[in-house]
Amino acid sequence: QVQLVESGGGVVQAGGSLRLSCAGSGPIFSINAMTWYRQAPGQPQHVITQCTSGGSTNYADSVKGRFTSSRDSVENTFYLQMNSLKREDTAVYYCNAEIYTLAQGAKDYWGQGTQVTVSS
């Protein structure tokens with residue numbers, strides 16, 4: 001079965017950097033759109049960056065210029081490079097991808113979430 005496994009979260013001081021990874025495994029034929037979400041305590045989950053199947057990438061204003069998403073299509077892995085981190089970036093980060101398998105067609109899959117804590 002297809003799985004997305006996240007890694008790379010942790011505690012970092014304000015101004016620091018972290019890189020999150022989201023590794024896909026299983027019978028993946030292709031990966032289409034890929035999205036990173038985050039959810040801060042007491043707040044709804046929201047999109048911070050989305051990479052479409054056409055290759056364009058959009059960023060939320062709150063992270064534009066600081067965060068960069070990328071993908072390794074050979075390894076089916078996505079990355080979120082986070083620089084100049086601020087306390088307000090503290091949240092649980094989730095990856096989501098539309099993945100096509102021969103058995104089930106295109107479906108949405110989620111990573112398990114990884115905690116990012118930015119201290120002052």
Side-chain angles (χ1 to χ4, degrees):
Q1 70 204 41
V2 172
Q3 283 188 313
L4 293 177
V5 177
E6 297 183 47
S7 60
V11 180
V12 64
Q13 285 194 325
S17 299
L18 281 176
R19 189 176 80 156
L20 306 183
S21 299
C22 175
S25 64
I28 296 171
F29 184 82
S30 65
I31 299 178
N32 302 325
M34 181 276 296
T35 307
W36 285 95
Y37 294 79
R38 72 183 180 189
Q39 185 169 21
Q43 295 187 21
Q45 189 183 67
H46 66 272
V47 174
I48 55 172
T49 177
Q50 182 174 55
C51 179
T52 69
S53 57
S56 62
T57 304
N58 302 304
Y59 296 91
D61 288 343
S62 58
V63 305
K64 201 172 292 184
R66 300 187 298 121
F67 290 12
T68 303
S69 68
S70 61
R71 65 193 292 176
D72 181 334
S73 298
V74 174
E75 298 294 331
N76 290 325
T77 299
F78 305 94
Y79 303 96
L80 182 65
Q81 178 66 44
M82 306 185 294
N83 299 327
S84 303
L85 283 161
K86 306 175 181 179
R87 288 192 66 185
E88 51 263 43
D89 295 320
T90 296
V92 179
Y93 286 71
Y94 299 90
C95 62
N96 166 275
E98 183 185 82
I99 296 175
Y100 185 89
T101 64
L102 295 178
Q104 297 186 303
K107 287 182 61 176
D108 255 8
Y109 293 87
W110 288 86
Q112 80 279 14
T114 187
Q115 175 71 46
V116 171
T117 302
V118 184
S119 62
S120 57

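Of all non-hydrogen atoms in S84 and S17, the two that sit nearest each other are N-OG, 4.3 Å. The nearest pair of heavy atoms linking Q50 to T35 is NE2-OG1, 3.1 Å. In plain terms, the two heavy atoms of Q115 and T90 that are nearest each other are NE2-CG2, 4.0 Å. Taking both residues in full, the closest heavy atoms of A14 and S120 are given as CB-CA, 4.4 Å, listed atom of the first, atom of the second, then distance. Between Q81 and N83 the shortest heavy-atom distance is NE2-OD1, 2.9 Å.
Using a 4.5 Å heavy-atom cutoff, the side chains of R19 and M82 are not in contact. In this structure the side chain of Q104 never reaches within 4.5 angstrom of the side chain of V2, judged on heavy atoms. The closest side-chain heavy-atom distance from V116 to L20 is below 4.5 Å. Within the 4.5 Å cutoff, no side-chain heavy atoms of S119 are placed close to those of T117. In this structure, the side chains of S62 and R38 come closer than 4.5 Å at one or more pairs of heavy atoms.
Annotation for Q1: atom CD does not count as buried by contact number, only 12 or fewer foreign heavy atoms lying within 6.0 Å.
Under the 4.5 Å side-chain heavy-atom criterion for Ile, Leu, Val, Met, Phe, Trp and Tyr, L4 and Y37 are members of distinct hydrophobic clusters. One hydrophobic cluster, built from ILVMFWY side chains closer than 4.5 Å, holds both Y93 and V12. Cluster membership for I48 and W110, using ILVMFWY side-chain heavy atoms within less than 4.5 angstrom, is not shared.
Members clustered with V5: none, using a 4.5 Å side-chain heavy-atom cutoff among hydrophobic residues. Other residues sharing the hydrophobic cluster of F29, ordered by chain and number and joined by side-chain separations under 4.5 Å: Y100, L102.
For W36 and F78, the ring centers are positioned 6.0 Å apart or more.
Judged as a side-chain contact (heavy atoms from CB on, under 4.5 Å), and not counting sequence neighbours, the contacts of Q39 are Q45, Y94. Considering only residues two or more places apart in sequence or on other chains, N96 meets the side-chain hydrogen bond (donor to acceptor under 3.5 Å, both in side chains) condition with none of them. Legend: residues meeting salt bridge (Lys or Arg N to Asp or Glu O under 4.0 Å) with R66, ordered by chain and number and at least two apart, are D89.
For the pair E6 (side chain) and G113 (backbone), a donor-acceptor distance under 3.5 Å is present. Distance alone, capped at 3.5 Å, is enough to place a donor-acceptor pair between the T49 side chain and the N58 backbone. Judged by distance alone, the side chain of Y59 and the main-chain N or O of S69 form a donor-acceptor pair under 3.5 Å. Side-chain atoms of Q3 never come within 3.5 Å of backbone atoms of G26 as a donor-acceptor pair (strictly under, hydrogens ignored).
For the disulfide (SG to SG under 2.5 Å) condition, the pairs that include at least one residue of residues 4-62, sequence neighbours left out, are C22-C95.
Summarising the geometry, atom OG1 belonging to T57 is positioned 15.0 Å from atom CZ belonging to F67; distances are rounded to the nearest 0.5 Å. The CE atom of M34 sits 12.0 Å away from the CG atom of N76 when rounded to the nearest 0.5 Å.
If you run side-chain contact (heavy atoms from CB on, under 4.5 Å) between V118 and each of V11, L18, L85, only L85 comes through.
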